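Written below as structure tokens is the structure these notes are about.
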Amino acid sequence: MKEHITISQLSQLMNVSVHQLRYFEEKGILYPSYTEKNQYRMYGLHEIYRLSHILLLRKLNIPVGQIEECLTSYAADDYNQLLENSLQRVQDEIANLKLLEQFIHKVLKEHHNLTHQDNEYQIRLLGTRHLKLWFAFENDQELTARDLFEQRPAPPQLFENDLHYLSDSGQVKLCYETTDPADYILEEGSYLYKHFSVTEDDEIEYEIQQLQRYAAEQQYECLSKIILVEKSYLSMFDNNKLQYEIQVSVK
């Protein structure tokens, strides 16, 4: 019949592969209108609309195994709920993509700044930072993978954020920035800082001593204890080194 089209023509019309159309038939959700003597599968307008419905459900991430139930027993309220659930998933995905976009911009900006500054001490105005304590360990304790594992659950996207190491009463407090109620608040102000990279932990202690010496030579009054900020995400640009920033509030 001239008003019908072949499976190849249906494939071209609906921009879906012949293999996919045969798969839908195998799963019992799309059959041809009839099959000619030469075994050509022929499809009419009814099958085209049914296929469009199937493709929409697939776009909404409905499993193929559930589509037959949708097509045969779903009422308007069921489809309304299905669309609302899909909308929520899409909005969540958009929010996650926006967070990823912000993170990429952050890494690119910090790496650009890093490559366009000399490796010397600078003064920078920093805003108030609210920090949440993850866990504490002794000053002379070497941090290990086991320590991190035993402190589960880790904060979300832990190594995509700045980790702050605060020295307090013989312990190191490992913290991360938060919008929740804070355990520590770093006040807004001028901070003497320096970015550096290390391969061994003892290099960090050296940088701390150098900062203390420099602040004394320049007659800066230190208003806070020294803060060590780990920027592990910048280490992707040099896998052999960890990237840190050392800071102290001064006037």
Side-chain angles (χ1 to χ4, degrees), residues 102-144 147-148 154-155 157-179 182-251:
Q102 293 170 8
F103 173 67
I104 292 171
H105 279 306
K106 171 186 174 180
V107 174
L108 287 173
K109 180 180 178 180
E110 292 207 25
H111 182 252
H112 177 269
N113 292 340
L114 179 60
T115 54
H116 288 79
Q117 71 180 31
D118 53 28
N119 194 30
E120 298 296 334
Y121 299 104
Q122 299 181 42
I123 297 291
R124 182 169 61 180
L125 179 64
L126 296 178
T128 302
R129 285 167 286 174
H130 295 78
L131 302 182
K132 191 78 172 177
L133 174 65
W134 182 19
F135 67 95
F137 55 97
E138 299 302 318
N139 267 335
D140 57 357
Q141 177 184 343
E142 182 179 348
L143 195 60
T144 67
D147 294 324
L148 299 184
Q157 289 84 45
L158 176 63
F159 291 102
E160 294 178 14
N161 297 297
D162 292 347
L163 295 179
H164 292 69
Y165 295 79
L166 310 180
S167 182
D168 183 26
S169 302
Q171 287 188 318
V172 177
K173 314 289 189 179
L174 181 52
C175 305
Y176 57 95
E177 291 194 57
T178 183
T179 56
D183 296 309
Y184 300 94
I185 296 178
L186 302 181
E187 300 292 346
E188 176 183 311
S190 296
Y191 283 77
L192 175 65
Y193 82 98
K194 177 185 177 183
H195 186 98
F196 63 96
S197 57
V198 303
T199 54
E200 302 292 340
D201 286 346
D202 56 6
E203 296 175 70
I204 297 176
E205 185 59 36
Y206 171 78
E207 292 292 345
I208 291 174
Q209 294 172 0
Q210 290 295 100
L211 179 68
Q212 292 170 329
R213 182 177 297 111
Y214 179 85
E217 290 173 352
Q218 300 300 316
Q219 298 184 333
Y220 285 118
E221 180 183 350
C222 295
L223 305 179
S224 72
K225 294 186 177 180
I226 291 176
I227 305 158
L228 180 67
V229 182
E230 179 184 323
K231 297 175 176 286
S232 58
Y233 48 86
L234 290 179
S235 296
M236 70 173 66
F237 297 100
D238 187 348
N239 288 327
N240 296 319
K241 294 182 178 180
L242 273 176
Q243 305 293 324
Y244 288 94
E245 199 169 275
I246 194 169
Q247 308 170 350
V248 62
S249 177
V250 297
K251 74 174 183 179

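The structure displayed is predicted, hence computed values, not measured ones.
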### Query
In Å and rounded to the nearest 0.5 Å, what is the CG to NE2 distance from L186 to H164?
6.0 Å

### Carboxylate-amine/guanidinium proximity below 4.0 Å for E245 and R124
yes

### Message
For the residue pair N161 / Y233, report whether a side-chain donor-acceptor contact shorter than 3.5 Å exists.
### Response
no

### Task
Drop me the distance from S169's OG to N139's CG, to the nearest 0.5 angstrom.
9.5 Å

### Summary
Result for side-chain hydrogen bond (donor to acceptor under 3.5 Å, both in side chains) between K194 and one of Q210, Q122, E207 points to E207

### Summary
Given the options E230, K231, H195, Q243 meets side-chain hydrogen bond (donor to acceptor under 3.5 Å, both in side chains) only with H195

### Message
For H111 versus L234, what's the shortest heavy-atom pair and its separation?
### Response
N-CD2, 4.0 Å

### Lys/Arg-Asp/Glu bridge criterion (N-O < 4.0 Å) met for R129, E177
no

### Verdict with supporting geometry, Y220 and I123, side-chain contact (heavy atoms from CB on, under 4.5 Å)
CA-CA 11 Å; Y220 285 118; I123 297 291; 3.8 Å; yes

#### Entry: Any residue meeting side-chain contact (heavy atoms from CB on, under 4.5 Å) with E217, in chain and number order, not counting sequence neighbours
R213

### Audit row: Y191, V248, side-chain contact (heavy atoms from CB on, under 4.5 Å) steps and yes/no
CA-CA 5 Å; Y191 283 77; V248 62; 5.7 Å; no

### Message
If you compare all heavy atoms of E160 against all heavy atoms of F103, which two are closest, and at what distance to 0.1 Å?
### Response
O-CE1, 3.3 Å

### Message
For F196 and Y244, take the angle between the two ring planes, folded into 0 to 90°, and tell me which bin it lands in: parallel under 30, tilted 30 to 60, perpendicular over 60.
### Response
parallel

### Task
Quick one: pull up CG in L126 and CD in E188 and give me the separation to the nearest 0.5 Å.
9.0 Å

### Query
Taking only residues two or more places apart in sequence or in another chain, which ones pass ring-ring contact (aromatic ring centres under 6.0 Å, His included) with Y214?
Y121

### Message
Counting C-beta onward and ignoring hydrogens, is there a side-chain heavy-atom pair between E203 and L242 closer than 4.5 Å?
### Response
no

#### Entry: Derivation and outcome, side-chain contact (heavy atoms from CB on, under 4.5 Å), residues V107 and F237
CA-CA 10 Å; V107 174; F237 297 100; 3.7 Å; yes

### Any donor-acceptor pair under 3.5 Å from S249 side chain to S224 backbone
no

### Message
With a 3.5 Å distance limit and no angle check, can you tell me whether N113 reaches the backbone of E110 through a side-chain donor-acceptor pair?
### Response
no

### Message
Using the rule side chain to side chain contact (heavy atoms under 4.5 Å, CB included), only one of L166, L174, I185, I227 pairs with L131; which is it?
### Response
L166

### Task
To the nearest 0.5 angstrom, please state how far the CG atom of L125 sits from the OG atom of S190.
5.5 Å

### Task
Locate the shortest heavy-atom distance separating H112 from T115; write the atom from each residue and the value.
O-OG1, 3.0 Å

### Query
Without hydrogens or angle criteria, can the side chains of Q171 and K173 be said to hold a donor-acceptor pair below 3.5 Å?
yes

#### Entry: Among I204, I208, L192, the one residue meeting side chain to side chain contact (heavy atoms under 4.5 Å, CB included) with I246
I208

### Query
Which heavy atom in K241 sits nearest to a heavy atom in S235, and how many Å separate them?
O-OG, 3.0 Å

### Task
Step by step, work out the side-chain contact (heavy atoms from CB on, under 4.5 Å) result for K132 and Y176.
CA-CA 5 Å; K132 191 78 172 177; Y176 57 95; 3.4 Å; yes

### Task
Applying side-chain contact (heavy atoms from CB on, under 4.5 Å), name anything that partners L158, two or more places apart in sequence or on another chain.
W134, A154, P155, L163

### Task
Verify the neighbour count for atom CZ of F135: are there more than 12 heavy atoms of other residues, nucleotides or ligands below 6.0 Å?
yes

